[in-house]
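Input: a single structure, listed below in structure tokens.
Predicted model, so just to flag it, every value in this text is computed and none were measured. Starting from 1, each residue takes its place in the sequence as its number.
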Amino acid sequence: GLTGYSAQLYSITMNPTASGLARAIECPASVVLPQASDWSEAAERGIICHKYLERVIGGMSPEDALTSVPDEHRSWCANINIAHILWGLL
């Protein structure tokens, strides 16, 4: 087991995120082995920005998607160059 460690700090990721895809390709074990993670303000901002982008890519307008973003992270999301990101996906 994980004696002496908080179980909340470990997770098993069966589906890599877009940002972890290159690591998963180089090291397939990283997708199935437990991973330690630290929570930080930057991590929280990244998760919120990803959720914002998922809404926009799913068809919601950027303005509407911003309404679900907490105030303290709204400027980060508002400054994302969505056209540049979507152009890279096409």
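Under the 4.5 Å side-chain heavy-atom criterion for ILVMFWY residues, no single connected hydrophobic cluster contains both M60 and L53. A continuous path of ILVMFWY side-chain contacts below 4.5 Å connects L66 to I80, so both sit in one hydrophobic cluster.
With rounding to the nearest 0.5 angstrom, the CZ atom of R23 is 11.5 Å from the CD atom of E26.
Looking only at side-chain heavy atoms (C-beta outward), R55 and S68 come within less than 4.5 Å of each other.
In terms of the side chain to side chain contact (heavy atoms under 4.5 Å, CB included) criterion, residue partners of P62 (sequence neighbours excluded) are, by chain and number, Y52, V56, I82. When the side-chain hydrogen bond (donor to acceptor under 3.5 Å, both in side chains) test is applied to N81, no partner is found at least two apart in sequence or on another chain. Taking the side chain to side chain contact (heavy atoms under 4.5 Å, CB included) definition, one finds that S75 meets it with N79, sequence neighbours left out. In this structure A22 satisfies the side chain to side chain contact (heavy atoms under 4.5 Å, CB included) test with no other residue, sequence neighbours excluded.
Residue pairs meeting the salt bridge (Lys or Arg N to Asp or Glu O under 4.0 Å) criterion with at least one partner in residues 64-79, sequence neighbours excluded, are D71-R74.
L21 belongs to a hydrophobic cluster whose other members, connected by ILVMFWY side-chain contacts under 4.5 Å either directly or through intermediates, are I25.
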